[in-house]
Every structure is written in C-alpha cells, then in structure tokens.
There are 2 protein chains.
Amino acid sequence: MTITTAEENYLKAIFKIAEKEDKAVLTNSIAAAMNTAAASVTDMLKRLAEKQLIKYEKYRGVELTEDGNRLATTLIRKHRLWEVFLVEKLGFAWDEVHDLAEQLEHVQGEPLIDRLDNFLGHPRFDPHGDPIPDAQGRWTFRQQVRVSLLQPGEKGILTGVDDHATPFLQYLDQIGVALGIEIQLLDRTEYDQSVQVRISGKTEVTLSEKVAQNLLVIKG
Amino acid sequence: MTITTAEENYLKAIFKIAEKEDKAVLTNSIAAAMNTAAASVTDMLKRLAEKQLIKYEKYRGVELTEDGNRLATTLIRKHRLWEVFLVEKLGFAWDEVHDLAEQLEHVQGEPLIDRLDNFLGHPRFDPHGDPIPDAQGRWTFRQQVRVSLLQPGEKGILTGVDDHATPFLQYLDQIGVALGIEIQLLDRTEYDQSVQVRISGKTEVTLSEKVAQNLLVIKG
DNA sequence: AATAATTTTTAGATTAACCTAAAAATTATT
DNA sequence: AATAATTTTTAGGTTAATCTAAAAATTATT
Ligand SMILES: [Mn+2]
Ligand SMILES: [Mn+2]
Ligand SMILES: [Mn+2]
Ligand SMILES: [Mn+2]
C-alpha cells in the first residue's frame with residue numbers, strides 16, 4: 001500500500017487540528033486548514049478510512065488510527081529536520097524555509113531521514129522552536145508560557161513562536177527578537193494590553209498584545 | 001505556466017536521448033526510457049509542445065526548444081548536486097543515491113539549488129563522474145576514453161562510469177575500483193576481449209570486456 | 001416540536017497521467 | 001510498386017485529486 005503526497009498532507013493537517021482541540025476533527029476544519037472545498041475533504045476521508053489511516057464516521061468527524069498517527073508524526077519529523085538543514089547548513093532565514101520543507105518532507109526513503117538527523121546532530125527543535133519527534137516518534141515537551149501572560153518583572157528565554165508567517169518573523173528579526181534571547185516584561189498598558197519588554201537585558205520595545213501572544217518563553 | 005514532475009522527467013529523458021544520437025528523438029525511444037506505453041508518450045508530447053518546451057512533428061519525433069533545454073539542464077544540475085550532497089554529506093554509497101536524487105531533483109525553488117551548490121563548494125562532477133552544469137547551464141567537457149580501448153602499457157585515472165546500476169557499482173567497490181584511482185592496462189585476451197589491469201599501481205585484476213567498456217579514464 | 005441555519009455528503013465534472021486496443025502512417029521487404 | 005512489418009497516433013477508459021451545485025443530515029433557534 002502506497003501513500004500519496006496529498007494523503008500525507010491530510011494526515012498532517014488532521015494531526016495538527018487534533019493536537020489543539022481534543023474532540024473529533026471535523027470536515028470543515030480540515031477544509032479550512034488545507035484550503036480545499038469540503039467536498040474534496042469528504043472524498044479524501046473516504047480514501048484514508050479505506051486505507052485504515054483514520055477512523056471516519058459520516059457527519060461525526062475523524063480520528064487518526066495508530067498507523068495514521070505514526071505517518072503524521074514521521075512527516076512532521078521530516079519537515080522540521082529539513083527546516084533545520086535549510087537554516088543551519090544552507091543559511092536560509094527562518095521565514096524562508098517552510099515552503100521548501102513542505103516539498104522536502106514528501107521525499108521517500110527511511111535511510112535518508114535517519115542520516116539527515118545524524119548529520120544535523122539529532123536536533124530536538126526546529127528553527128521556530130517546534131519539537132522534532134525522534135525516530136521512535138517520541139516528543140520533547142517543554143513548559144512554555146506566552147509573553148502576554150507574564151507578570152511585570154518576570155522574564156524568560158524565548159523558545160518558540162506560534163505564528164510562522166513571514167511578516168511576523170521578519171518583524172521579529174527587525175526588533176532583534178530571536179530564539180534563545182531573554183525577554184523581561186517591564187509593564188503592561190491596560191488600555192490595549194500591549195506590553196513593554198526588555199530584550200537581552202538591553203533594548204526596550206513595546207509589543208502589541210497580538211505579538212506578545214505569539215511569543216513563547218520558558219520562565220526564569 | 002507551471003511545470004509538473006512528469007513533464008520534467010520527460011524533458012530530461014528527451015535531453016539524454018538527444019545527447020547520444022543527434023537525430024530527432026522518437027516516441028518509442030522515450031517510451032523505452034520512461035517505461036511507459038507509446039500512447040502515453042504521444043499524450044505527453046502534445047502537452048509539452050503546447051507549452052513550447054519541444055518542437056513536435058507527428059511521426060517525425062521531437063526536439064527540445066531553448067526553454068525545454070534549459071529546464072532539462074537545470075533538472076540534471078539539481079539531480080547531480082543532490083547526489084553529491086547525499087554521498088559527501090550524508091555518507092551514502094554511490095550506488096544508493098540515484099532514486100533519492102530522482103525525487104529531490106523536483107523540489108522547486110531557485111535559491112535552494114544555488115545555496116546547495118554553494119554549500120557543496122560548486123562541485124563540477126557528481127559521484128559517478130558525470131558533469132554538473134553550472135548555474136548558467138554550462139557544461140564541463142573532458143577527454144575520456146574507455147578502458148576497453150587502452151593499449152597494453154597505457155594507463156589513466158578513472159573519472160567516470162557509464163553504467164550506474166547498483167550491481168555494477170557494488171562490483172567495482174568489491175574489486176577496489178573507485179573514481180580517482182589509476183588503472184593501467186597490462187594485457188588483453190583476444191578470445192573474449194577481457195583485459196588484465198593494475199589498480200592503483202598495486203592489485204591486478206581481470207575485467208570482462210563489458211566491465212572495461214563501462215570504465216572511463218583520462219589517459220596519462 | 002417545528003423551523004431555520006449550518007455542516008456534511010452526494011452527484012456530476014474536470015484535469016493530468018497513465019493504460020489497452022484499433023486505426024493510420026511510415027518504413028522495409030519482396 | 002505492392003505488400004508486409006513496424007512505428008505512431010487516435011479512441012476510449014481508469015484513477016487520484018480537485019471543483020461546484022444540490023441533497024441530506026445535524027445542530028441551533030424560535
Ligand atoms: Mn514549517
Ligand atoms: Mn517549523
Ligand atoms: Mn543519478
Ligand atoms: Mn549520477
């Protein structure tokens with residue numbers, strides 16, 4: 001049984017939606033995530049169910065089977081390892097790698113990804129701070145908190161971003177925010193919930209609530 | 001106008017056939033090279049002609065246009081650069097990389113291949129000794145000769161192999177033949193045209209005519 | 001509970017890339 | 001030149017992946 005690129009992409013989308021909300025994943029959420037018509041999703045769900053990669057009940061939504069989960073996890077592993085390669089080895093910026101990784105993740109061949117992992121030194125996080133499951137599909141969890149939830153005086157190390165879109169990442173570059181830096185919350189403006197923060201113990205900048213919500217730190 | 005993976009593969013096949021024989025490339029040669037039915041080739045030729053990537057005259061065969069030639073050249077460049085990456089960086093053997101490169105060559109994105117080329121140090125030849133066209137599509141030519149055509153006493157440096165199949169490459173590994181080694185022809189047996197050669201000034205082995213025909217050296 | 005709104009599925013098409021079998025064109029042989 | 005053999009194209013189908021529009025099922029509201 002062979003699995004297509006389209007099928008892989010659906011499995012990944014289902015995995016990511018299920019990650020957030022723990023109910024069954026509905027047709028429309030998938031359609032939204034994949035930018036396809038709901039009818040196309042129904043079509044694909046039938047095929048995936050046929051291949052035992054999801055459990056599908058008409059009108060009730062879907063759930064990944066163990067096989068489906070394993071495939072989705074591997075795909076995410078591949079995507080994130082390629083992103084590390086593109087940034088660490090080829091020198092791409094963190095806002096430039098997603099679309100390339102979307103293609104590279106579908107290249108088939110187990111030895112390839114194992115050797116790539118080895119070449120990169122078994123990285124546990126990708127350039128956006130997202131965890132990379134290991135060859136056995138195990139995840140690394142971290143206790144992260146949004147900058148928007150810090151109390152004045154509290155600080156943390158930036159370990160992730162929630163929004164991966166180019167304009168956001170380039171904005172962060174511009175104000176000197178990168179993974180690994182220290183962010184201290186100085187003050188919060190009640191009116192719009194914007195926050196003043198100190199970056200790396202030096203620069204002070206104001207971040208909108210939206211920006212602060214997309215920055216994830218480990219406190220301390 | 002977007003180009004599909006299948007289209008790219010046809011262009012490459014046409015390029016490679018045209019490389020050997022200088023007449024127009026016929027439907028059946030393409031069908032043989034691609035392992036598809038002749039009718040499928042005709043189908044594709046119409047599409048490629050529609051896109052101005054080939055000049056196609058019914059029953060008369062095809063020729064690449066300038067656009068088609070450029071795309072085929074780029075595809076070969078990508079294929080061979082990825083092969084260098086897989087061998088040099090990931091440690092694959094030279095007989096293991098072709099199928100992976102067949103997939104990787106279709107990953108879209110100009111900056112990717114330029115950065116990869118740079119990362120690899122602008123290699124001019126792939127792991128099988130085949131030339132890698134540069135970013136402008138220029139080829140490096142070398143004056144190579146088959147070991148089967150050497151005179152007794154003559155020697156050369158192995159710079160290429162004509163057959164890329166795994167069994168052949170593994171056989172070469174086994175007898176200690178690799179790119180860059182010196183091969184000296186000691187004697188030829190008239191009966192079956194097999195040759196005795198000295199490898200790296202040390203080992204002596206007998207090569208069948210078929211093997212000797214697939215080894216390319218630069219004399220001297 | 002009946003009706004309205006929303007979500008999901010079905011029905012029917014389309015496109016790329018393949019296929020087999022039959023027809024047409026070209027090339028080789030008598 | 002006529003016939004036979006070969007090559008190529010056309011005709012007609014299939015499958016995966018998409019779409020729009022209509023029908024059916026579920027959920028929300030009166
Ligand atoms: Mn990504
Ligand atoms: Mn990422
Ligand atoms: Mn190859
Ligand atoms: Mn090669």
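Every chain is numbered from 1, with letters handed out A, B, ... down the list of sequences. Note that the structure is a prediction, hence the values are computed from the model and not measured.
- Relative to the side chain of A/Asn28, the nucleotides C/dT8, C/dC18, D/dT8 differ in distance, and C/dT8 lies closest.
- Ring centers of A/His79 and A/His98: under 6.0 Å apart, within the cut-off.
- In terms of phosphate contacts, A/Thr36 brings no side-chain nitrogen or oxygen within less than 4.0 Å of OP1 or OP2 of D/dA17.
- Mapping A/Ala6 and B/Ala38 onto DNA chain D by nearest heavy atom places B/Ala38 at the nucleotide closer to the 5' end.
- Listed by first then second residue, pairs satisfying side chain to side chain donor-acceptor pair (under 3.5 Å) with a partner in residues 36-59 of chain A read A/Glu7-A/Lys51, not counting sequence neighbours.
- Closest approach to the B/Ser40 side chain among C/dC19, D/dT18, D/dT10 is made by C/dC19 (side chain taken as heavy atoms from C-beta onward).
- Listed by first residue number, the stems of DNA chain D with at least three Watson-Crick or G-U pairs below 3.5 Å are C:1-30 with D:1-30.
- The distance between atom CE of A/Met34 and atom P of D/dT18, rounded to the nearest whole Å, is 6 Å.
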May I have the step-by-step check of side chain to side chain contact (heavy atoms under 4.5 Å, CB included) for A/Glu8 and A/Gln108, ending in yes or no?
CA-CA 11 Å; A/Glu8 285 190 328; A/Gln108 302 292 330; 3.3 Å; yes

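- The closest donor-acceptor contact from the side chain of B/Arg142 to the backbone of B/Thr159 lies under 3.5 Å.
- Relative ring orientation between A/Trp82 and B/Trp82 is described as perpendicular, the plane-to-plane angle rising above 60° on a 0-90° scale split at 30° and 60°.
- Counting only N and O atoms by type, the side chains of A/Gln103 and B/His106 include no donor and acceptor under 3.5 Å apart.
- Between B/Phe85 and B/Phe119, the ring planes lie tilted relative to each other; the angle falls in the 30° to 60° range.
- Salt bridge B/Lys12/B/Glu102: present, at least one basic N to carboxylate O contact under 4.0 Å.
- Nearest nucleotide to the side chain of A/Glu7, out of D/dT8, D/dA17, D/dC19: D/dA17.
- Residue A/Thr27 places at least one side-chain N or O closer than 4.0 Å to OP1 or OP2 of C/dT9.
- Listed pair B/Thr4 / C/dA17 meets the phosphate criterion, a side-chain N or O lying under 4.0 Å from OP1 or OP2.
- Comparing D/dA21, D/dT8, D/dA17 by their closest approach to the side chain of B/Leu26 singles out D/dT8.
- Of the residues in residues 43-65 of chain B, those lying under 4.0 Å from DNA chain C by heavy-atom distance are B/Asp43, B/Met44, B/Arg47, B/Tyr59, B/Arg60.
- For B/Tyr10, whose side chain is taken as the heavy atoms from C-beta onward, the closest listed nucleotide among C/dA17, D/dT20, C/dC18 is C/dC18.
- Between A/Lys210 and A/Asp162 there is no salt bridge, since no side-chain N of the basic residue sits under 4.0 Å from a carboxylate O of the acidic one.
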